[in-house]
Asker: 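Please see the structure below; I have some questions.
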Amino acid sequence: MRRFKFRWLMLLGVIAVFGLIITGCGQKKAADKGPLTVATSGTLYPTSYHDQKTNKLTGFDVEVVRAVGKKLGRKVVFKEMNVDGQETAVKTGKADMAANDFSVSPQRKKEFALSTPYKHSFNSIIVRKKDDSGIHSWADIKGKKAAGEAGTNYQRLAKQLGAKTVNYNNVSNDVYIKDVEAGKTDLIMNDYYLQKLALAAVPNNTLKIMPNMYFTTNEDGKGVGILMKKGNTKLQKQVDKALKELKKDGTLKKLSEKYYHADVTKQPHVHISKTFTIK
């Protein structure tokens with residue numbers, strides 16, 4: 001009787017362990033097909049913003065991520081926050097990815113798993129038309145008020161060049177533009193395509209992009225990509241595969257031309273005035 005009872009308990013144990021294995025595999029499979037939580041700003045036109053008519057979150061990076069999610073068979077859920085918040089969310093696992101015109105830079109490679117680049121660009125400076133905000137050379141930036149978001153490479157560079165940094169917390173482009181016009185700030189450093197379209201979106205503004213001061217930095221890397229948690233090579237490979245397919249079938253080019261009115265999937269041909277090393 002005891003032997004029978006012992007064998008019965010052993011059988012129950014085996015069944016229980018097998019059940020746990022099956023459950024674990026099921027949960028892992030479910031996680032692979034579960035929603036992708038993606039951090040973004042929702043305020044950076046035309047990368048990540050809300051359509052004025054529908055209030056729907058859209059933009060180049062947003063639609064690229066949605067296309068990636070579709071390739072992976074996974075629903076995409078966006079969380080809107082500032083740049084520091086996006087990076088922290090990925091590092092802590094509160095978000096699977098972050099997409100917000102993030103450069104594939106050497107520094108970010110130390111902190112995140114990065115996708116292959118899907119956008120290529122260069123940087124520019126916005127100033128007032130009437131007097132160029134008093135900026136006629138790189139040395140003139142010293143003492144000027146540079147508008148941007150804390151923690152970005154642009155604000156780090158502005159400070160390095162002697163500017164007084166005026167930081168905003170995840171505000172829309174029109175706020176930056178109006179403050180430069182009003183003289184509250186003097187310049188905005190950012191991606192050329194973003195700046196060009198930001199100015200076009202605000203009619204009758206009195207600003208311009210300095211044509212002789214295009215620049216790059218050591219932090220620009222090889223383009224713009226998606227941020228993922230360091231060590232998450234599985235998701236990184238899945239995203240890269242999806243991006244490769246999206247480039248091959250023309251989706252990336254189509255989205256690029258829709259939001260940027262240019263093919264930003266290729267390296268631009270433009271004269272670069274200066275390449276900076278951000279310390």
Side-chain angles (χ1 to χ4, degrees), residues 33 35-80 83 86 90 95-105 108 112-124 172-174 190-203 209 214 216 220-228 235-270:
K33 292 297 180 182
L36 278 171
T37 302
V38 182
T40 192
S41 67
T43 59
L44 186 61
Y45 178 82
T47 289
S48 171
Y49 67 100
H50 286 267
D51 184 274
Q52 288 186 343
K53 294 181 180 178
T54 65
N55 200 38
K56 179 185 175 183
L57 179 67
T58 188
F60 179 64
D61 282 39
V62 168
E63 298 308 328
V64 167
V65 169
R66 284 189 172 130
V68 168
K70 189 174 181 180
K71 286 283 185 184
L72 300 182
R74 299 178 69 174
K75 180 182 177 182
V76 177
V77 178
F78 289 97
K79 286 187 176 181
E80 297 174 37
V83 172
Q86 291 172 54
V90 173
D96 299 298
M97 306 188 302
N100 201 67
D101 207 58
F102 285 110
S103 61
V104 181
S105 67
R108 285 207 173 98
F112 301 94
L114 298 165
S115 74
T116 53
Y118 52 87
K119 177 197 167 195
H120 300 276
S121 187
F122 54 99
N123 305 309
S124 63
S172 54
N173 297 326
D174 61 303
N190 214 311
D191 172 86
Y192 169 78
Y193 292 110
L194 293 180
Q195 304 246 70
K196 182 181 178 181
L197 290 170
L199 290 181
V202 181
I209 292 174
Y214 297 143
T216 58
D220 290 338
K222 296 181 178 179
V224 167
I226 296 169
L227 270 59
M228 291 158 280
L235 181 59
Q236 184 182 31
K237 288 177 181 178
Q238 291 174 340
V239 169
D240 282 349
K241 183 175 182 291
L243 286 172
K244 186 177 180 180
E245 292 173 0
L246 292 169
K247 185 173 184 178
K248 187 177 180 180
D249 66 21
T251 300
L252 291 183
K253 183 180 179 182
K254 185 178 179 181
L255 289 173
S256 167
E257 291 173 342
K258 176 181 178 180
Y259 288 99
Y260 286 107
H261 310 301
D263 186 3
V264 300
T265 64
K266 297 179 179 179
Q267 289 284 358
H269 298 286
V270 65

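No hydrogens, no waters, no symmetry mates; every other heavy atom, side chains included, goes into these values. In this text, all values refer to a predicted model and were calculated from it rather than measured experimentally.
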Asker: Would you say the side-chain atoms of S256 pair up with the backbone N or O of V264, donor to acceptor, closer than 3.5 Å?
Answerer: yes
Asker: After noting the C-alpha distance and the side-chain angles of Y259 and T58, does the key distance pass the side chain to side chain contact (heavy atoms under 4.5 Å, CB included) rule?
Answerer: CA-CA 10 Å; Y259 288 99; T58 188; 2.6 Å; yes
Asker: Does a side-chain heavy-atom distance below 4.5 Å link K237 with K241?
Answerer: no
Asker: Distance check, rounded to the nearest 0.5 Å: T251 atom OG1 versus L243 atom CG?
Answerer: 10.5 Å
Asker: Among D61, D191, D263, D220, which one satisfies salt bridge (Lys or Arg N to Asp or Glu O under 4.0 Å) with K119?
Answerer: D191
Asker: Rounded to the nearest 0.5 Å, what separation is found between the OG1 atom of T216 and the CZ atom of F122?
Answerer: 10.5 Å
Asker: Might you point out which heavy atoms bring D96 and P35 nearest each other, and give the distance in Å?
Answerer: OD2-O, 3.7 Å
Asker: Test L197 against L194 for side chain to side chain contact (heavy atoms under 4.5 Å, CB included), laying out the working first.
Answerer: CA-CA 5 Å; L197 290 170; L194 293 180; over 6 Å; no
Asker: Distance from M97 atom CE to T40 atom OG1, nearest 0.5 Å?
Answerer: 10.5 Å
Asker: Nearest 0.5 Å, what's the CG-CG distance between L255 and L246?
Answerer: 8.0 Å
Asker: Within a radius of less than 6.0 Å around NZ of K71, do more than 12 heavy atoms belonging to other residues, nucleotides or ligands occur?
Answerer: yes
Asker: Nearest heavy-atom pair of M228 and L114: which atoms, and what distance?
Answerer: CE-C, 3.9 Å
Asker: With side-chain contact (heavy atoms from CB on, under 4.5 Å) as the test, pick out the partner of N100 among I226, L44, V62.
Answerer: L44
Asker: Would you say Q86 and L227 make side-chain contact, with heavy atoms under 4.5 Å?
Answerer: no
Asker: Could you tell me whether the side chain of N173 and the main chain of A198 form a donor-acceptor pair under 3.5 Å?
Answerer: no
Asker: NZ of K79 to OG of S41: how many Å apart, nearest 0.5 Å?
Answerer: 16.0 Å
Asker: Which heavy atom of A99 sits nearest to which heavy atom of Y118, and what is that distance?
Answerer: CB-OH, 4.4 Å
Asker: Can you sort out the partners of N55 under side-chain contact (heavy atoms from CB on, under 4.5 Å), two or more places apart, ordered by chain and number?
Answerer: H50
Asker: Which heavy atom of L36 sits nearest to which heavy atom of G69, and what is that distance?
Answerer: CD1-CA, 4.4 Å
Asker: Going by salt bridge (Lys or Arg N to Asp or Glu O under 4.0 Å), name the residues that satisfy it together with K196, two or more places apart in sequence or in a different chain.
Answerer: none
Asker: Kindly give the heavy-atom pair with the smallest separation between G42 and S48, and that separation in Å.
Answerer: N-OG, 2.8 Å
Asker: I'd like to know if the side chain of T47 pairs up with that of Y260 as donor and acceptor (distance under 3.5 Å, no hydrogens or angles considered).
Answerer: yes
Asker: So does S115 get a backbone contact from the side chain of D240, meaning a donor-acceptor N/O pair under 3.5 Å?
Answerer: no
Asker: For the backbone of K56 and the side chain of D51, can you confirm whether one donor and one acceptor N or O come within less than 3.5 Å of each other?
Answerer: no
Asker: Hey, mind stepping through F78 and V65 against side chain to side chain contact (heavy atoms under 4.5 Å, CB included) and telling me if it holds?
Answerer: CA-CA 10 Å; F78 289 97; V65 169; 4.1 Å; yes
Asker: Among S124, P268, P46, exactly one meets side-chain contact (heavy atoms from CB on, under 4.5 Å) together with Y193. Which residue is that?
Answerer: P268
Asker: Does R66 pair with E63 as a salt bridge, N-O distance under 4.0 Å?
Answerer: yes
Asker: So which heavy atom on T265 is nearest to which on H120, and how close?
Answerer: O-CD2, 3.2 Å
